[in-house]
Q: 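First the structure, which I've put down as structure tokens, then a few questions once you've had a look.
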There are 2 protein chains.
Amino acid sequence: MGNGEETLGTIDRAATISEVAALAGVSPGTASKALNGRGALRPETRQRVQEAAEQLGFVANAAARSLQAGRTYTVGMITTDSIGRFSIPLLIGAEDALGAGQVSVFLCDARDDPIREQYYLRTLLGRQVDGIIVTGRRTQARHPIGPSLPVPVVYAFISSTDPADCSVVPDEADGARRAIDHLLAIGRRRIAHVTGPEHHHSATVRASATMQTLASAGLEPVAPILFGEWSEAWGRQAAGILLSTEAPVDAVFCGSDQIARGLAEALQEAGRRVPADIALIGFDNWDVMVDGCRPALTSIDMDLEGIGRTAAELLLAAINGEPAHGRHALPGRLVPRASTAVYPVL
Amino acid sequence: MGNGEETLGTIDRAATISEVAALAGVSPGTASKALNGRGALRPETRQRVQEAAEQLGFVANAAARSLQAGRTYTVGMITTDSIGRFSIPLLIGAEDALGAGQVSVFLCDARDDPIREQYYLRTLLGRQVDGIIVTGRRTQARHPIGPSLPVPVVYAFISSTDPADCSVVPDEADGARRAIDHLLAIGRRRIAHVTGPEHHHSATVRASATMQTLASAGLEPVAPILFGEWSEAWGRQAAGILLSTEAPVDAVFCGSDQIARGLAEALQEAGRRVPADIALIGFDNWDVMVDGCRPALTSIDMDLEGIGRTAAELLLAAINGEPAHGRHALPGRLVPRASTAVYPVL
DNA sequence: AAACGGAAGGAAAACGATTGCCTAGACGCT
DNA sequence: AGCGTCTAGGCAATCGTTTTCCTTCCGTTT
């Protein structure tokens, strides 16, 4: 019939709706109506068109469609920091919420470079994305990505310094609170906090929530808060510092799972039992760390997928004319494991 | 002038080339030529148009452009397994090679579900992507994603069972060879191999390359190859097995960094020194594992970013009419660290 | 029997950018 | 002065789909 659509080799060219229409013996306009369930058509005509479309493997050209619809059913996702451990769950969550809505995602990795970021922003706008999600590795607020954009923007994990922008972030203070509450609930009172660098937003937020929660229980940390870096090595080092303190420690809340794991190793090498002598809580609930640690590590899960999903949902709402504003903080979740088990459980 | 493009609030609508042309006092066609450096135009006209475009923040509508060009400067990336530790470097590498060529990437996470995969495939074809990269978590060959597609496809990390397809994969046998050669070079002869599940393609490939390399040195493994799973727990367990063997072991090549790390811990708890008594090599060169391990872990790096980049380059070549075929295996790289240091180095 | 109404489908104009072709000047040459 | 040539830029078609009118035809009603 046509010009070789039955070839077994590579299909050279996608079929157009005009070809479908010709095969079904109708006009292109009618074919469009048939395939999209619009207009007034006889059921048999509709079916004839559908069969023709199937036979030719017709898929509507999205460029033509968006040209006339003024919408692309496409969003951009810019990760300001390189795609990493935090970006991925966010990405999965967002992709989840958008994929269900037939929206495709352009992924852009700006690598923490403002030039690349602006370049990608222009590219995305040129591609007429319906909206943009901005993501990063740190929760710290950042400058808005552009002054006044023709499409809605939602910040995920990071937040924008402009309160009118929409941001979805983890409630890190809430996470710290849950951690301390848990340690109090299992009867620990001599609690220390070891965390990342003092200039890091997450570290300070979690540290001050830790202080506050202890204070409202009438306690204070058994040692000054230990700021260091987000690594196992620092966890090991911190263990040494804590053990040389005069005051005995019976629990440590760590700012990350890596720190906690380093601490666990070093404490046990020094003869302390976990959790019998010292209970341990991490932060992030990073599978390889919490499972690799011995004993398995209790941790705070920030529900990154949920953040990605929520951001995508808010973006879709904004695209549909119902923009949200401000900072939406999502609560975390404590995942109890052996490192805080009440002892005679075993 | 226009209808409020100077508003400080949100820009409602992107400017079109006709508006730019009107502002510059030329026709749309001329404006197009001015902005794309075509046609015969007076320099001053060209500049006038460029200034108008700048003033209106003009970015060409990609849908319109691709509609007429028949190309979208867009590729799809389907990860058959969920986006994970292996997919990301691939993604970064690909994004790197494509971004430089002004090509945007649609990311699709098929989650190992054939239905989702086909759905995404149709979506991508509808969006008229110029090409598709298929990625996964395992290196095992898989069925081609579709029988005869209108666009080129390149498989990255995984490979296609159809030899006519183009695949870019790590040379895992080469990696294993390098590991064993390294152990031999530092004088070890009593070498064991602990790896993942026997039904896992990577495990068997690496294991048989290990055997072969040992054989060509006139050796054989000091213990039967230990197949298990890709976890630290299995590494610890395997340590027990190896230590209960009569024959003393002086080096272990592990199928993953996680196994190696578990092994390292357990060996040292049992009083063996690493690397003095037993040298250790992992596989993957996964930063958190090799750095977290004590001593730091020598490992094989499969250069995933390079694979992603190469796949993207081959895809671009195919799009430009120079398709490549077959399986392209990229060599790995040994990254030496303390776990195989020749002892009196310290 | 004439008029009306509804159903089914066609024709054509969008959407925005690109590009080949054409025209209107301007300049130079004879 | 008249013709040819070159240059700058306008015109209109094109890409594939959707959608808004229309038109046509058939059946029904008075």
Q: Apply salt bridge (Lys or Arg N to Asp or Glu O under 4.0 Å) to residues A:Asp96 and B:Arg111 and explain how you reach the verdict.
A: CA-CA 11 Å; A:Asp96 201 18; B:Arg111 310 210 181 150; 3.6 Å; yes
Q: Please tell me which of A:Val59 and B:Arg48 maps to the more 5' nucleotide of DNA chain D, matching each residue to the nucleotide holding its nearest heavy atom.
A: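 Result: B:Arg48.
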Q: Send over the distance from B:Arg46 CZ to D:dG10 P, rounded to a whole Å.
A: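 One finds 13 Å between P of D:dG10 and CZ of B:Arg46, rounded.
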Q: To the nearest angstrom, how far is B:Ile17 atom CD1 from D:dG10 atom P?
A: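 Taking CD1 of B:Ile17 and P of D:dG10, I get 12 Å after rounding.
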Q: Under 3.5 Å, side chain of B:Asn36 to main-chain N/O of B:Arg38, donor-acceptor pair present?
A: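 Looks like no, no N/O pair under 3.5 Å.
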Q: From the options D:dA8, C:dG10, D:dG10, select the nucleotide whose nearest atom is closest to the side chain of A:Ser27.
A: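 Nearest to the side-chain atoms of A:Ser27, counting from C-beta on, is C:dG10.
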Q: Does anything in residues 31-41 of chain B come within less than 4.0 Å of DNA chain D? Heavy atoms only, and list the residues if so.
A: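 B:Lys33, B:Ala40, B:Leu41, in order of number.
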Q: Between B:Glu117 and B:Arg142 (salt bridge meaning N to carboxylate O under 4.0 Å), is one present in this structure?
A: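 Yes.
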Q: Closer than 4.0 Å, any side-chain N/O of B:Thr45 to the OP1 or OP2 of D:dG9?
A: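 True: B:Thr45 side-chain N/O within range (under 4.0 Å) of D:dG9 OP1/OP2.
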Q: Quickly work out the B:Glu44 CD to D:dA8 P distance and round it to whole Å.
A: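 B:Glu44 atom CD is separated from D:dA8 atom P by 10 Å.
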Q: Please give, in whole Å, the distance from D:dC15 C1' to B:Arg127 CZ?
A: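 It works out to 18 Å between those atoms.
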Q: Is a side-chain donor or acceptor of B:Thr79 paired with a backbone partner of B:Thr135 at a separation under 3.5 angstrom?
A: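 Checked: no pair found.
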Q: Under 6.0 Å from the ring centre and within 45 degrees of the ring axis: does the NZ or CZ of A:Arg122 meet both conditions for the six-membered ring of A:Tyr119?
A: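 No, A:Arg122 does not lie over the aromatic ring of A:Tyr119.
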Q: Keeping A:His325 on the side-chain end and A:Asp165 on the backbone end, is there a donor-acceptor pair under 3.5 Å?
A: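 Flag not set: sc A:His325 to bb A:Asp165 has no pair under 3.5 Å.
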Q: Report the distance from atom OH of A:Tyr73 to atom C1' of D:dT18, rounded to the nearest whole Å.
A: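 These atoms are roughly 12 Å apart.
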Q: Kindly state which residues belonging to residues 61-72 of chain A come within less than 4.0 angstrom of DNA chain D, counting heavy atoms of the residue only, listed by number.
A: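 Per residue number, the list reads A:Asn61, A:Ala64, A:Arg65, A:Gln68.
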Q: Between B:Thr30 and D:dG10, is there a side-chain N or O to OP1/OP2 distance below 4.0 Å?
A: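 Yes.
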